[in-house]
Structure formats: structure tokens, C-alpha cells
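Only this structure's heavy atoms are used, side chains among them; waters, hydrogens and symmetry mates stay out.
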Amino acid sequence: MSEPYDGGPVAALRRIAFLLERGREDTYKVKAYRNAAAAILPLSSDQVAAAVADGTLTELPGVGASTAKVVAAAVRGELPDRLAALEREHGGPLTAGGQELRARLRGDLHSHSDWSDGGSPIEEMAFTAMELGHEYLVLTDHSPRLTVAHGLSPARLTRQLGVVDAVNDHLASAGGGDFTLLKGIEVDILDDGGLDQDDALLAQLDVRVASVHSKLKMDADAMTRRMIGAVRNPRTNVLGHCTGRLVTGNRGTRPGSQFDAAAVFAACAEHDVAVEINSRPERRDPPTRLLELARDSGCVFSIDSDAHAPGQLDFLVYGCERAEQAGIDPDRIVNTWPRERLLAWANR
């Protein structure tokens with residue numbers, strides 16, 4: 001007998017997409033389920049049931065044979081086979097540790113949407129963050145210089161700020177609870193340490209993550225000056241994935257950049273800039289030695305998912321496990337703070 005399921009077809013399709021992303025499966029697989037969910041979302045439950053009954057589900061644009069099976073099972077009140085298999089494969093704990101600290105995190109300061117190099121709309125990222133229990137999510141799409149990631153020009157960023165307001169208005173009117181989508185950016189650190197966006201626009205944001213994405217093999221002295229220049233900028237709140245390394249994954253591996261970490265972390269501590277503990281499994285950035293150095297330098301931290309898809313928002317526990325292993329006091333992790341304290345810190 002099939003296991004009962006009362007979540008409905010849209011929830012089943014979205015959960016499958018989430019689990020595929022959580023397991024870092026191919027994007028094209030994910031899109032099939034998200035597209036199907038979008039296709040049936042406007043329909044009433046009676047319309048969906050009628051399409052299942054007369055075999056016309058696959059006539060809807062975006063619904064294929066595999067996704068139709070999921071919809072049909074959910075309409076019958078049965079747990080879809082595909083969902084059951086993915087729950088077994090990707091639904092369990094991602095780590096052995098980190099759960100206690102993860103429960104204390106109130107939000108995530110680094111995420112991407114399809115406005116830059118993410119795979120999903122802003123509202124889908126926000127809905128998933130709410131479902132994970134976040135009180136806030138900072139949307140941090142890329143800045144103009146990172147053209148390969150469709151970085152946001154000043155004009156596009158200005159438009160995005162209006163979209164964020166609209167999403168928050170919609171969530172409030174729909175009873176979205178206490179969740180807020182915060183305005184942010186992952187701004188490129190330029191060669192001279194400047195930030196790759198108009199200062200007047202940076203001033204309108206809630207949180208700013210500054211990261212190096214280019215010339216990672218720069219001479220260590222020059223890289224040190226570059227990073228310290230960004231840390232000293234009063235707009236910078238978080239130093240993102242500080243070494244830029246890749247340790248695994250489909251993009252291959254890449255060594256971290258070389259810089260005087262003691263000097264950079266001393267500047268972070270002096271200017272109250274958080275060192276990011278990037279939770280992406282392929283980054284594990286900063287490396288353990290540097291994470292412990294930042295701890296001993298008196299830095300505060302931000303544990304971030306750097307999510308490029310909704311399911312990746314669940315990666316936070318990877319960073320939590322590393323922070324617990326390093327013995328970092330939870331109160332030194334800025335996203336354990338309530339939203340009001342976080343915003344006061346970021347815009348002091």
C-alpha cells in the first residue's frame with residue numbers, strides 16, 4: 001500500500017525540487033519540478049483533479065510524464081514514489097554535528113536569485129527561507145563587474161530593491177509572519193580595494209557582503225592591501241569566502257588566494273566586519289587554520305549558505321558544524337542576533 005500524503009501536488013513538486021537541490025543534483029532535473037509546480041499553481045484543486053482523471057495533465061505547458069506521476073499520486077492522497085525515494089536519499093541530516101548552533105541561527109546573510117547567477121526567482125528563495133524557519137534572508141546578488149554571473153548594474157539593482165519591497169508587502173498581506181527579506185549585495189572587491197557599486201546605492205541596502213572573485217593569484221602583499229581596503233570601507237559588513245578556494249565539486253578544485261591573514265582579520269576585528277563561514281561544501285572557506293586565527297583575532301562571524309537555489313539554503317548546518325568544532329561563541333555569530341540588532345550593527 002502507498003503511504004498517505006496530504007501535502008497536495010504543488011507542495012510535493014516543490015519538496016522534490018528542494019531535495020534535489022539539497023543533494024546538489026543537476027539543475028535541469030530541478031527545473032522540471034519547479035516548472036510543473038508553477039504550471040498547476042493557478043489551477044483549483046478540482047481542475048487539477050479533473051486533469052488527472054481525464055489524462056490531460058501533460059497537455060499543460062511545463063508538466064511532463066514524470067511530474068504528472070507526482071501530481072497524480074498527490075491528488076490521490078498518496079506519497080509520490082519520487083518524493084519517497086528522495087526523502088530517503090537526501091532528506092536526512094547533512095552533518096553529524098552543528099544542529100544546536102543551527103537552531104540558534106535566525107537568518108542567512110548571503111543568497112542569490114535568478115537576477116544574477118541563482119536558479120530561482122526571489123519569491124521562491126523567500127518562501128523557502130520561511131519554510132526553514134528563518135526570520136530573515138538577505139538577498140545578495142552580484143555586482144556589475146562579475147559579468148559571468150550577470151551582476152546587477154545600478155539600474156537593475158534599483159529595480160530589484162522595488163521587487164524586494166513588493167515581496168515583503170505580499171508576504172505581509174498573506175500572513176507571512178515575522179519574516180523579512182532584506183536588501184543586500186555581494187559586492188566585488190576591486191583590485192584597489194574599492195567596492196563595485198555606487199556608494200549611494202550601497203547606502204540603501206541592509207547588509208553588504210564584500211568578496212574577491214577575480215585575480216585570485218594576485219601577489220600576497222597586493223591581495224592583503226586589496227582586502228584590507230575593502231574591510232576599512234564603512235559600507236562593508238561581511239568579508240565573503242575570504243580565500244576563494246574550491247575543494248571539491250563540478251567546478252573542480254582551486255587553491256585559495258595568498259594574503260596576510262593576521263593583518264586582514266585584525267582589520268576585520270578593528271572595523272567590526274564579520275568573517276564569513278561559507279557553508280557551501282565545495283568551499284569550506286575559510287580553511288580551519290584561518291577560521292581559528294579569525295577566532296583568536298577577536299572577529300565576529302556570519303555563517304552563510306551562499307545559496308544559489310532554494311534547497312541550498314539548508315547548507316547552513318555545514319558552517320554551523322565547523323563553527324562548533326572551532327569553539328566559536330554563538331553570540332559572536334551575527335546571524336544568531338535578532339533582526340533589529342543585526343540591522344543596527346550593519347548600519348552603524
Side-chain angles (χ1 to χ4, degrees), residues 1-95 99 102-103 114 119-135 137 167 170-179 181 305 307 309-317:
M1 285 184 61
S2 297
E3 185 176 339
Y5 178 77
D6 60 3
V10 172
L13 292 164
R14 291 184 67 245
R15 179 63 179 172
I16 288 171
F18 175 89
L19 291 169
L20 288 168
E21 290 164 342
R22 195 174 189 258
R24 291 180 286 165
E25 299 279 357
D26 292 335
T27 301
Y28 77 89
K29 297 179 183 178
V30 176
K31 287 186 175 179
Y33 290 94
R34 291 209 183 278
N35 289 343
I40 67 169
L41 182 62
L43 305 179
S44 69
S45 56
D46 288 343
Q47 288 174 311
V48 176
V52 170
D54 59 23
T56 59
L57 263 181
T58 55
E59 295 178 12
L60 294 171
V63 179
S66 297
T67 52
K69 290 180 181 178
V70 171
V71 174
V75 166
R76 292 193 301 268
E78 300 170 359
L79 180 68
D81 291 342
R82 182 66 168 137
L83 179 54
L86 285 170
E87 291 287 7
R88 290 192 296 270
E89 185 176 3
H90 297 310
L94 293 172
T95 61
Q99 305 299 329
R102 174 64 188 89
D114 59 4
S120 289
I122 293 171
E123 57 269 26
E124 185 66 30
M125 297 296 290
F127 293 154
T128 302
M130 289 175 58
E131 290 165 355
L132 291 174
H134 289 13
E135 293 177 20
L137 174 69
V167 168
H170 173 73
L171 292 175
S173 64
D178 196 37
F179 175 83
L181 182 63
S305 68
Q312 295 173 6
L313 289 166
D314 223 12
F315 285 175
L316 285 175
V317 71

Which pair of heavy atoms, one from [X] and one from [Y], lies closest together, and at what distance?
X      : Y      : answer
Phe179 : Met130 : CG-CG, 3.3 Å
Pro310 : Phe18  : O-CE1, 3.8 Å
Ala68  : Leu57  : O-CD1, 3.8 Å
Ser305 : Leu316 : N-CD2, 3.4 Å
Leu79  : Ala84  : CD2-CB, 3.6 Å
Ala12  : Ala74  : CB-CB, 4.4 Å

Do [X] and [Y] have side chains that get closer than 4.5 Å, going by heavy atoms?
X      : Y      : result
Lys69  : Asp81  : no
Leu60  : Leu43  : yes
Glu124 : Asp114 : no
Phe127 : Leu171 : yes

Rounded at 0.5 Å granularity, tell me how far CZ in Arg14 sits from OH in Tyr33.
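Here the rounded value is 15.5 Å.
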- Inter-residue atom distance Ile40.CD1 - Gln47.CD, 0.5 Å rounding: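 Answer for the CD1-CD pair, Ile40 versus Gln47, is 11.0 Å.
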Out of Thr67, Leu20, Leu19, Leu13, which residue meets the side-chain contact (heavy atoms from CB on, under 4.5 Å) rule with Arg82?
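By the side-chain contact (heavy atoms from CB on, under 4.5 Å) criterion, Arg82 pairs with just one of Thr67, Leu20, Leu19, Leu13: Leu20.
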- Query: Just wondering, more than 12 heavy atoms not from Asp6 lying within 6.0 Å of its CG?
  - Reply: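 Not buried by this count: 12 neighbours or fewer within 6.0 Å.
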- Glu21: which of Arg34, Lys29, Gln312, His90 passes side-chain hydrogen bond (donor to acceptor under 3.5 Å, both in side chains):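 The side-chain hydrogen bond (donor to acceptor under 3.5 Å, both in side chains) with Glu21 is passed solely by Arg34 among Arg34, Lys29, Gln312, His90.
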Q.
Could you tell me if Ser44 and Asp46 have a donor-acceptor pair between their side chains, going purely by distance under 3.5 Å?
A.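 No pair is found: no donor N or O on one side chain lies under 3.5 Å from an acceptor on the other.
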Short side-chain donor-acceptor distance under 3.5 Å, His170 and Glu123: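 Result is no, nothing qualifies.
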Backbone N/O of Tyr28 and side chain of Asp26: donor-acceptor pair under 3.5 Å: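 Between the backbone of Tyr28 and the side chain of Asp26 there is no qualifying donor-acceptor contact (under 3.5 Å).
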